[in-house]
Peer 1: 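Just passing along the structure, written as structure tokens.
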There are 2 protein chains.
Amino acid sequence: MTPLVHAFVAHFGEMGSRWGINRTVGQIYALIFVSPRPLCADEIAETLSYSRSNVSMGLKELQSWRLVKLRHMPGDRREYFDAPTDAWEIFRTLAEERRRREMEPTLSMLRSALLETPSSDEDRVAQERMKGMHDLIELMSNWFDDVQRLDAQTLAKLMRMGARVQKLLELTGQLKPGTKE
Amino acid sequence: MTPLVHAFVAHFGEMGSRWGINRTVGQIYALIFVSPRPLCADEIAETLSYSRSNVSMGLKELQSWRLVKLRHMPGDRREYFDAPTDAWEIFRTLAEERRRREMEPTLSMLRSALLETPSSDEDRVAQERMKGMHDLIELMSNWFDDVQRLDAQTLAKLMRMGARVQKLLELTGQLKPGTKE
DNA sequence: ATCAAATTTCAGAAAATACTGAAAATTCGG
DNA sequence: CCGAATTTTCAGTATTTTCTGAAATTTGAT
């Protein structure tokens, strides 16, 4: 590993826990991401000094996140892995997986909590707040869904417009501030 | 705790680790969020059966996330805590803190990695990929910044428009698909 | 200033998570 | 279908993180 790659891999190892993956998984991903060619488990284990079995589990985890893809090299039975390099594609995948893992379970818990008949004033207050949370999460979830369908270029343009989008829409009369709904 | 509140608190405890906070912190937050009045550390420790010191640390953590606010009750020297109930405000806070904790460190690592002179073809490939990642993270970061400034109502409207925003902007001629930049 | 009430700190215990090596299972060329 | 190459599983160990209780510190009313 060159010093440049080493620094990148180490950073992903350190950040891993903040991102909800562990050190090994972070480092494996980083290594595959910058590698000019697909890597097999043995090479990864060797490079990062992790046991073969740990790398195997890490690769499973990365596959479940859809962050790495399984490849086969002609005349070699080993499994090789590479990672999408298009940042937008990675972002889409991550957003989708995070929604699925971090938002959906909460959304369904909230949905059923809101169906319960409140047994006290406390419960009524609690349900009110859960309603606010539920509605926002649902809105965000649907928005994500929607926006996922735009192509990367359009999305990039919209992002570069940022808040100016609002001004523009006001002009078209589609978005009048101060109007309900 | 009523069964309704209990279910909510338990869910936040379980999801905590996925969200980058621990079980205690998740439960403390959930409890404060649905409570009709501010709570003091002792009440929280009592209700959740955690030690007083654990609750103290959890509250520190929640304050560092700006998810709970310190309050004082007249004639009582204990510290009470409540949480913003406006879902949009919570979302803004979370987005900002997550950017700060999960994106900024990586952005600065990438910035310095991109300043290095590549020592090989491997490094050149690695830098190319890091550039793609850097540019997207930076774009998202700036977009967040920008969008944070819009008021909740406008933001909600924009989200409800979702992908339709694109169609509308095409009409105004501000966003022509297939045009570079 | 004093002192009791309240909060924080921190070293060590408990719990959860990550990692390894050996054994089991799978895969595929012959 | 045999057997070597490869991957996966899993029980046990190591590491990290969380949690507690006791002691130290801070706070504010008198």
Side-chain angles (χ1 to χ4, degrees), chain A residues 9-32 38-65 67-82 101-102, chain B residues 9-32 38-65 67-82 101-102:
Chain A
V9 166
H11 178 86
F12 268 62
E14 284 155 23
M15 294 297 286
S17 54
R18 287 197 204 182
W19 296 336
I21 56 177
N22 65 33
R23 195 164 53 102
T24 317
V25 173
Q27 294 192 353
I28 294 173
Y29 176 70
L31 190 63
I32 294 174
L39 300 175
C40 71
D42 289 309
E43 292 174 288
I44 296 167
E46 168 79 8
T47 310
L48 300 176
S49 315
Y50 287 123
S51 72
R52 180 65 185 69
S53 57
N54 196 10
V55 170
S56 176
M57 299 214 248
L59 287 168
K60 274 269 129 53
E61 169 94 359
L62 287 170
Q63 283 175 281
S64 85
W65 278 92
L67 285 171
V68 300
K69 288 212 175 83
L70 182 58
R71 301 268 177 236
H72 278 102
M73 306 300 239
D76 189 336
R77 303 168 47 164
R78 281 173 299 181
E79 299 183 326
Y80 285 78
F81 296 88
D82 65 3
R101 296 164 191 237
E102 300 179 9
Chain B
V9 166
H11 178 86
F12 269 61
E14 284 156 23
M15 295 298 286
S17 53
R18 287 197 204 182
W19 295 336
I21 55 178
N22 65 32
R23 193 165 54 101
T24 318
V25 173
Q27 294 191 354
I28 294 173
Y29 176 70
L31 189 64
I32 294 174
L39 300 175
C40 71
D42 289 309
E43 293 175 287
I44 297 168
E46 168 80 6
T47 310
L48 301 177
S49 316
Y50 286 123
S51 72
R52 181 63 184 70
S53 58
N54 196 9
V55 171
S56 176
M57 300 214 252
L59 287 167
K60 274 269 127 54
E61 169 94 0
L62 287 170
Q63 283 175 281
S64 85
W65 277 92
L67 284 171
V68 300
K69 287 212 175 86
L70 182 59
R71 301 267 177 237
H72 278 103
M73 308 297 241
D76 187 337
R77 43 199 275 215
R78 281 172 301 181
E79 299 184 324
Y80 285 77
F81 295 88
D82 66 3
R101 296 163 191 237
E102 300 179 8

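Letters A, B, ... mirror the listed sequences (proteins, then strands); counts begin at 1.
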Peer 1: Nearest to the A/Met57 side chain among D/dC10, D/dT8, D/dC19, which nucleotide is it?
Peer 2: D/dC10
Peer 1: Measure CG/B/Leu59 against C1'/D/dC19 and give the value in whole Å, please.
Peer 2: 15 Å
Peer 1: Looking only at heavy atoms, what is the nearest atom pair of A/Glu43 and A/Pro38, with distance?
Peer 2: OE1-O, 4.3 Å
Peer 1: Evaluate the side-chain contact (heavy atoms from CB on, under 4.5 Å) criterion for residues B/Thr24 and B/Leu48: first the C-alpha distance (whole Å), next the side-chain angles of each, then the deciding distance (0.1 Å), finally the verdict.
Peer 2: CA-CA 9 Å; B/Thr24 318; B/Leu48 301 177; 5.8 Å; no
Peer 1: So B/Leu39 and B/Phe81, side-chain contact (heavy atoms from CB on, under 4.5 Å) or not? Walk me through it.
Peer 2: CA-CA 5 Å; B/Leu39 300 175; B/Phe81 295 88; 5.9 Å; no
Peer 1: Let me see the working for A/Asp82 and A/Arg71 under salt bridge (charged side-chain N to carboxylate O under 4.0 Å, His left out), right down to the final yes or no.
Peer 2: CA-CA 7 Å; A/Asp82 65 3; A/Arg71 301 268 177 236; 3.0 Å; yes
Peer 1: On DNA chain C, which is the earliest and which the latest nucleotide, 5' to 3', with an atom closer than 4.0 Å to a heavy atom of chain A?
Peer 2: C/dA18 to C/dC28
Peer 1: With a 4.5 Å heavy-atom cut-off, do B/Val68 and B/Tyr29 have their side chains touching?
Peer 2: yes
Peer 1: Find out whether B/Ile44 and B/Leu59 are in side-chain contact, i.e. whether some heavy atom of one side chain is under 4.5 Å from a heavy atom of the other.
Peer 2: yes
Peer 1: Using five base pairs at each end, measure the axis-to-axis angle across the helix from C/dA1-D/dT30 to C/dG30-D/dC1 and round it to 10 degrees.
Peer 2: 40°
Peer 1: Where is the tightest heavy-atom contact between A/Gly13 and A/Gln27, given as atom of each residue plus distance?
Peer 2: CA-CG, 3.5 Å
Peer 1: What parts of residues 43-54 of chain B reach DNA chain C, counting only heavy atoms under 4.0 Å away?
Peer 2: B/Arg52, B/Ser53
Peer 1: Pick the nucleotide of DNA chain D nearest each of B/Val25 and A/Gln63; which residue has the one closer to the 5' end?
Peer 2: A/Gln63
Peer 1: For A/Cys40 and A/Arg23, take the nucleotide of DNA chain D holding the closest heavy atom to each; which residue's nucleotide lies nearer the 5' end?
Peer 2: A/Cys40
Peer 1: Does any residue of residues 9-18 of chain B have a heavy atom under 4.0 Å from DNA chain D, and if so, which ones, in number order?
Peer 2: none
Peer 1: Starting at atom OH of A/Tyr80, determine the distance to atom C1' of D/dT7, rounded to an integer number of angstrom.
Peer 2: 14 Å
Peer 1: Any N/O pairs under 3.5 Å between the protein and nucleotides 2-5 of chain D? List them or say none.
Peer 2:
| unit_1 | atom_1 | unit_2 | atom_2 | d |
| --- | --- | --- | --- | --- |
| D/dA5 | N3 | A/Arg77 | NH2 | 3.0 |

Peer 1: Quick check: A/Phe12 with A/Trp19 (ring centres under 6.0 Å apart)?
Peer 2: yes
Peer 1: How far apart are the closest heavy atoms of A/Asp76 and A/Arg78, and which atoms are they?
Peer 2: OD1-N, 2.9 Å
Peer 1: Which pair of non-hydrogen atoms, one from B/Glu102 and one from A/Met15, has the smallest distance, and what is that distance?
Peer 2: O-CE, 3.7 Å
Peer 1: Would the number of heavy atoms belonging to other residues, nucleotides or ligands and lying under 6.0 Å from CD of B/Glu46 be above 12?
Peer 2: no
Peer 1: Using the rule given for side-chain contact (heavy atoms from CB on, under 4.5 Å), can you reason through A/Glu14 versus A/Arg23, listing the C-alpha separation, both sets of side-chain angles and the distance that settles it, and then say yes or no?
Peer 2: CA-CA 6 Å; A/Glu14 284 155 23; A/Arg23 195 164 53 102; over 6 Å; no
Peer 1: Mind checking what makes salt bridge (Lys or Arg N to Asp or Glu O under 4.0 Å) contact with A/Arg18, not counting sequence neighbours?
Peer 2: none
Peer 1: For D/dT9, take OP1 and OP2 only and decide whether either is under 4.0 Å from a side-chain N or O of A/Ser56.
Peer 2: no
Peer 1: Please report the interatomic distance CD(B/Gln63) to NZ(B/Lys69), rounded to the nearest 0.5 Å.
Peer 2: 11.0 Å
Peer 1: Show your working on side-chain contact (heavy atoms from CB on, under 4.5 Å) between B/Arg101 and B/Ser64 and close with a plain yes or no.
Peer 2: CA-CA 11 Å; B/Arg101 296 163 191 237; B/Ser64 85; 3.3 Å; yes
Peer 1: What is the separation between atom CG on A/Asn22 and atom P on D/dT16, rounded to the nearest whole Å?
Peer 2: 12 Å
Peer 1: Are any of the side-chain heavy atoms of B/Tyr50 and B/Met57 separated by less than 4.5 Å?
Peer 2: no
